[in-house]
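Here the structure is laid out as structure tokens; the discussion comes afterwards.
Reckoned from all heavy atoms, side chains included, excluding hydrogens, waters and symmetry mates. In what follows, chains carry the letters A, B, and so on, assigned in the order in which the sequence lines appear, proteins first and then strands, with residues in each chain numbered from 1. Computed from a prediction, not measured in an experiment: that's the story for all the values here.
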Amino acid sequence: MAKAITPRSEDYSRWYTDVVTQSRMADYSPVKGCMVIRPLGYALWEAVQKDLDARFKETGHENAYFPLFIPESYLRREAQHVEGFAPECAVVTHGGGKKLEEPLVIRPTSETIIYAMYAKWIRSYRDLPVLINQWANVVRWEMRTRLFLRTTEFLWQEGHTAHATEAEAEEEVLRILEIYRRFAEERMAIPVYAGLKTDSERFAGALRTYCIEALMQDGKALQAGTSHNLGQNFSRAFEVKFQTKSGAWDHVWQTSWGVSTRLIGALVMAHGDDNGLNLPPLLAPVQVVIVPIWKSDEEKARISEAARLAAEELKGAFRVKADLRDEVSPGWKFNEWELKGVPLRLEIGPRDLQAGQFTAVRRLDRRKTAVPAGALRARTGEILEEIQKDMLERGRAFLRENTREARSYAEFSKALDSTGGFYRAHWCGSAECEQRIKEETKATIRCIPLEGNREPGACLICGGRSERWVYLARSY
RNA sequence: CGGGGCGUAGCGCAGCCUGGUAGCGCAUCUGCUUUGGGAGCAGAGGGUCGGUGGUUCAAAUCCACUCGCCCCGACCA
């Protein structure tokens, strides 16, 4: 008997760690704060990469790769940026047995090194826009780490674009935000709120930061992706200039945007349950597992053959696996594949064989249906689609039910402890009020929605005039 | 960095208070019986008790130092 997963109701963060390690998505490394991404976790990341990469390419972006090491002086060139990142940088001081003349920072993000190159490559408006993305690892020396959600080293994609006009850059930033939003909903089955970060939550060096915010089952929000309009802050610092049509010189308008392996953590916390992972079919590395059940040797021969043939039949259309192991019982397999989050299980036992059918069991809710052998391929596709749809629907209902109105500050601070979730609240826009909420309730303004929130009201904190409401929540 | 917890077999733990030559469950290996929700029986292998130093006839156990990890907070994707 394998070790049980700590129930969510008992200890949510323990549950999370249990699911991640026991499903073999990841394991702790010998280095504090770092993790080993095991095949299941990495397969998920590859699925994320594959899908997003296609979306980036559809919108004209190209992949490139910039180096891991950044001269320390580069980071210093943009004032806000260095202030934001310097404390969490790992720095290499020695190489080849000698002390380096200039220390090398291990990238916490690549703005500086990439824009130093852009300065070299961009001369004319004809060189614009530059639409580059890179898939890379970055290192941030975090004080407290958590598997996938916040590790010292993590994998991500970072897009870096340069444009001739401010309007073009803004358009790009919103285009990417929409790609993230749709990816989260369509593939991960995680509905999100998209919006603008407040000044205090903005990326160091950006004009504006947009984000998508998801809600985890414990009621805490998780920032799942960010898209920054950098304005000309970096192009001024790195002298990224181009000559306009009229012959004048201007600094380029830039954007950067990214999502990370944190998305895998979001997947765990949005859909998992006390039996383990629960993956949306569109991202699941294994979508269908076939589990044969037999008693006699004679049955074993026939049923394992039927299972093998079924896998063969489904292989072209789905990611499928037949679990023909004889050394573990069917019950053991059920639990193992549920732990690993496989969305659909097809059982075939003596009774099924007799009836010419498979018993299909959804990971989501263990709902069982009989699938006639003749309709296997068609029904499997339908069931997987239903699961994907139901997961998103369930996520939407959860987000809806856990988004509340904050009517008064007293009521809000009291209710937050018991409810968690998002709160809609009016905010006057002052940093003081924002700071006070954070200190007193540990909730932060997660985002200012892009539309639908324009209505006059009174600030939740100071009662002052407010033009629009924002989303508040405690967050990861 | 502050608070809490933990380092004993591959994994999870007991033993420590009250020192006496290391144990349980799972996993592994062998054999037989099993298989529609984590199978049963019988047998076998596997440990410098995180490290260093001290106390003692004797240390997993007591003392000091040290290293590491996890959880909760302050910082962040």
Side-chain angles (χ1 to χ4, degrees), chain A residues 1-6 11-18 21-22 24 27-35 83-89 108-109 138-158 180 197 200-204 209 211-214 221-228 256-266 275-276 291-297 299-300 303-304 323-339 345-355 358-359 361 366 368 438-439 442 444 474-476:
Chain A
M1 173 103 86
K3 198 192 133 203
I5 296 169
T6 307
D11 184 342
Y12 192 82
S13 67
R14 182 84 186 273
W15 166 81
Y16 175 80
T17 316
D18 283 355
T21 55
Q22 287 184 43
R24 303 201 176 168
D27 202 353
Y28 292 102
S29 87
V31 178
K32 184 188 169 88
C34 293
M35 69 189 279
E83 205 177 306
F85 283 103
E88 55 189 74
C89 285
T109 179
V138 286
V139 167
R140 297 181 188 177
W141 218 260
E142 300 291 346
M143 296 178 180
R144 204 179 135 216
T145 56
R146 249 143 107 25
L147 294 171
F148 286 114
L149 299 177
R150 181 171 299 107
T151 45
T152 300
E153 178 189 6
F154 59 95
L155 306 184
W156 77 348
Q157 63 61 217
E158 48 181 324
Y180 288 160
K197 282 290 187 195
S200 69
E201 302 271 331
R202 204 181 52 212
F203 174 75
T209 289
C211 64
I212 55 170
E213 293 279 331
L222 182 78
Q223 180 172 309
T226 49
S227 183
H228 315 289
S256 71
W257 28 273
V259 298
S260 72
T261 33
R262 168 179 263 198
L263 289 181
I264 313 294
N275 295 313
V291 177
I293 298 150
W294 56 69
K295 286 189 169 63
S296 63
D297 278 354
E299 276 174 2
K300 178 181 166 182
I303 291 172
S304 61
D323 188 349
L324 304 180
R325 288 176 296 174
D326 197 14
E327 63 273 15
V328 291
S329 69
W332 200 94
K333 293 176 186 174
F334 296 169
N335 283 288
E336 179 170 75
W337 293 111
E338 281 177 8
L339 170 63
R345 175 173 77 238
L346 293 171
E347 302 174 11
I348 174 152
R351 294 201 295 270
D352 294 307
L353 197 63
Q354 182 75 29
F358 292 82
T359 298
V361 187
R366 286 196 185 169
K368 289 189 185 188
K438 189 174 177 179
E439 277 168 15
K442 285 173 187 155
T444 48
R474 289 195 182 134
S475 70
Y476 277 96

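Among the nucleotides B/A74, B/G36, B/C71, the one closest to any side-chain atom of A/Pro350 is B/G36. Closest approach to the A/Arg345 side chain among B/G37, B/A77, B/G36 is made by B/G37 (side chain taken as heavy atoms from C-beta onward). Distances were taken from every side-chain heavy atom of A/Arg150 (C-beta onward) to each of B/C76, B/C71, B/G37; the shortest belongs to B/C76. Out of B/C75, B/A77, B/G38, the shortest distance to the side chain of A/Met143 is found at B/C75. Here B/C71 is the nucleotide among B/C75, B/C71, B/G37 with the atom lying nearest to any side-chain atom of A/Tyr28.
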(request) Step by step, work out the salt bridge (Lys or Arg N to Asp or Glu O under 4.0 Å) result for A/Arg345 and A/Glu338. (result) CA-CA 9 Å; A/Arg345 175 173 77 238; A/Glu338 281 177 8; 3.1 Å; yes

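Between the side chain of A/Glu338 and the base of B/G37 there is at least one donor-acceptor pair of N/O atoms closer than 3.5 Å.
No close placement of the A/Tyr476 and A/Tyr16 rings is indicated, their centers lying 6.0 Å or farther apart.
Here the separation of B/G20 from B/A60, taken at their P atoms, is 9 Å to the nearest Å.
One finds a side-chain N or O of A/Ser329 lying less than 4.0 angstrom from the OP1 or OP2 phosphate oxygen of B/A39.
By the 4.0 Å N-to-carboxylate-O rule, A/Glu336 lies too far from A/Arg24 to be salt-bridged with it.
Within the nucleic acid shown, A/Thr151 comes within 4.0 Å of at least one base atom, counting heavy atoms only.
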